[in-house]
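In what follows, every heavy atom counts, from backbone to side chain, and hydrogens, waters and symmetry copies are set aside. Keep in mind it's a predicted model, so treat the numbers as computed, not measured.
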Number of protein chains: 2
Amino acid sequence: MKPSGISLLGYALLGLLSQQPASGYDIRKIFTDTPMGTFSNSPGAIYPALRRLEAGKLIHGQVENASGLRRRKVFHLTAAGTSALKEWLNRPVSCEDVVHAADELMLRFSFMEQIIGEAAAIRFLQALEKELEGYVPTLRKYLESHQAGMPRSGSLALESGIRGYETLLGWCRHAIKTYEKKS
Amino acid sequence: MKPSGISLLGYALLGLLSQQPASGYDIRKIFTDTPMGTFSNSPGAIYPALRRLEAGKLIHGQVENASGLRRRKVFHLTAAGTSALKEWLNRPVSCEDVVHAADELMLRFSFMEQIIGEAAAIRFLQALEKELEGYVPTLRKYLESHQAGMPRSGSLALESGIRGYETLLGWCRHAIKTYEKKS
DNA sequence: ATCCGCATGTAACCCGTTACATGATTCT
DNA sequence: AGAATCATGTAACGGGTTACATGCGGAT
């Protein structure tokens, strides 16, 4: 895991809790009902992750034995949790991230504007754009020079990956324009 | 892992070894030097995975103490290994796969033509196309109906995901055409 | 003589998966 | 009364990450 000792799921939880306090069950519902469902909704993942964050004092849970329903434990971010989230969001965009952790980059972006602001989000997009502008051509060149010796389905699979990165690059530019137009 | 007890890395190894026998070190080089590098090249992942496959009699390793270099252990597929690979490649494409395991689908496709043939590859692409034709509109609708209550960067992140699936759908059609044109 | 690349491995740790367990509340 | 939903957990297991260890052969 990262030096911070927080897993990707951990950061996803920090991000969600930064938007609004929630219980483990609330989180599970988000993961089952929304496009955040790329994360697992299994209690065996979520509850231990929440406990780890709480043990690290990044979040704090309060039992709500309010009207009617069963006791819920609602978690909210602590100051340390907010710092950890900001640190993660502010990390530079590396080429390695683009290749091996594109999901994580997008997760970071999805929380970015609200937590560290629009300007930081734009800088992030520009950094990502730059990395992609470097990476896509190297993939294209690899495909061109190796296509001959590859099985057809192999080169098609690579083509798919390249198109994915090209689409991401196009999205980057679109997103930057969206912000620039607005201001 | 899967009922078969073979991890995604395990199938990647089976697929690579189906193309040509190789040592652990060869595999590592493939993962460091080619776009298959989405897999980790760490020996702590690869060597244990090879041993598991060998323990399951899916691959077999022979020590090559040929001229000059240090002993290499070269692995090749057994008949059982080929069967396991075919079984994996022949699995139906589920919606769940599209949402949670798109990488795995593409890995499968990249080996498909050579192992189970062009006709099967085309059927696979058509099944994937159908799943995507169902899935993309539901994502678009979700975005339309929830965009108002989402932070801007959140809806942009979702837009990125949707574009990725749209690109995959376009690639599917392109790949199908490639095969049809050729025959 | 030394250092780098080849080549294979091991061990501790972390965390996600799977499956199971439990109890309260509301619906029918 | 019984079923479904709300809500929270635990335990075993598997496998990937990280870091370390080893030892040979060719290059400088």
Side-chain angles (χ1 to χ4, degrees), chain A residues 1-14 21-33 36-56 59 61-75 96-97 100-101 103-104, chain B residues 1-14 21-33 36-56 58-59 61-75 96 100-101 103-104:
Chain A
M1 185 90 2
K2 295 291 157 56
S4 60
I6 302 175
S7 70
L8 187 58
L9 172 60
Y11 284 115
L13 296 176
L14 288 180
S23 68
Y25 194 78
D26 294 335
I27 304 280
R28 289 190 66 200
K29 271 194 300 189
I30 291 171
F31 288 170
T32 44
D33 298 346
M36 292 260 313
T38 49
F39 287 96
S40 162
N41 64 351
S42 94
I46 292 169
Y47 289 104
L50 287 170
R51 299 186 109 237
R52 285 194 298 272
L53 293 175
E54 196 175 28
I59 63 176
Q62 277 172 281
V63 175
E64 234 187 28
N65 37 1
S67 58
L69 289 169
R70 196 199 169 190
R71 120 227 109 126
R72 287 157 39 88
K73 199 168 173 185
V74 177
F75 294 92
E96 225 270 332
D97 290 332
H100 293 288
D103 291 354
E104 180 169 352
Chain B
M1 195 104 274
K2 296 290 159 54
S4 58
I6 302 174
S7 69
L8 187 58
L9 173 59
Y11 283 115
L13 296 175
L14 288 180
S23 68
Y25 195 77
D26 293 335
I27 304 280
R28 289 189 67 198
K29 272 194 300 188
I30 292 172
F31 288 169
T32 43
D33 299 345
M36 293 261 314
T38 49
F39 287 95
S40 160
N41 65 351
S42 94
I46 292 170
Y47 289 104
L50 287 170
R51 299 184 109 238
R52 285 193 299 272
L53 293 174
E54 196 175 27
L58 302 177
I59 65 177
Q62 277 172 284
V63 175
E64 234 187 27
N65 36 2
S67 57
L69 290 169
R70 195 198 170 193
R71 120 227 110 123
R72 288 157 39 89
K73 198 167 172 186
V74 176
F75 293 93
E96 226 271 332
H100 294 287
D103 292 354
E104 179 169 353

Length of the CG-C1' vector between B:Leu8 and D:dG16, whole Å: 12 Å
Residue-phosphate contact under 4.0 Å: B:Ser23 side-chain N/O, C:dT8 OP1/OP2: yes
Side-chain touch B:Glu54/B:Phe75, heavy atoms, less than 4.5 angstrom: yes
Considering all heavy atoms, the nearest A:Leu13-A:Ile46 contact: CD1-O, 4.4 Å
B:Asp103: salt bridge (Lys or Arg N to Asp or Glu O under 4.0 Å) partners, not counting sequence neighbours: none
For A:Asp33, all residues meeting side-chain hydrogen bond (donor to acceptor under 3.5 Å, both in side chains), sequence neighbours excluded: none
Please list, pair by pair, any protein nitrogen or oxygen found under 3.5 Å from a nitrogen or oxygen in nucleotides 9-12 of chain D.
none

Atom pair distance, as rounded to whole Å: CD1 in A:Ile6 and P in C:dC13: 20 Å
Separation of C:dT8 C1' from B:Glu54 CD (nearest whole Å): 13 Å
Shortest non-hydrogen contact between B:Arg72 and B:Asp26, atoms and distance: NH2-OD2, 3.1 Å
A:Tyr25 OH - C:dA24 P separation (whole Å): 17 Å
Touch class at under 4.0 angstrom, heavy-atom based, for B:Ser40 against every strand present: sugar-phosphate
Euclidean distance, atom CD of residue A:Glu104 to atom P of D:dT17 [Å, nearest integer]: 14 Å
Minimal non-hydrogen separation, A:Arg28 against A:Ser42, with atom names: NE-C, 4.5 Å
Shortest non-hydrogen contact from A:Ala49 toward A:Leu9: CB-CD2, 3.9 Å
Under-4.0 Å side-chain N/O to phosphate OP1/OP2 contact, B:Ser7 with D:dG16: yes
Value in whole Å for how far the P atom of C:dC6 lies from CD1 of B:Ile27: 16 Å
Spacing between A:Asn41 atom CG and D:dT5 atom P, to the nearest angstrom: 15 Å
Touch class at under 4.0 angstrom, heavy-atom based, for A:Arg52 against every strand present: sugar-phosphate
Euclidean distance, atom NZ of residue A:Lys29 to atom P of D:dT8 [Å, nearest integer]: 10 Å
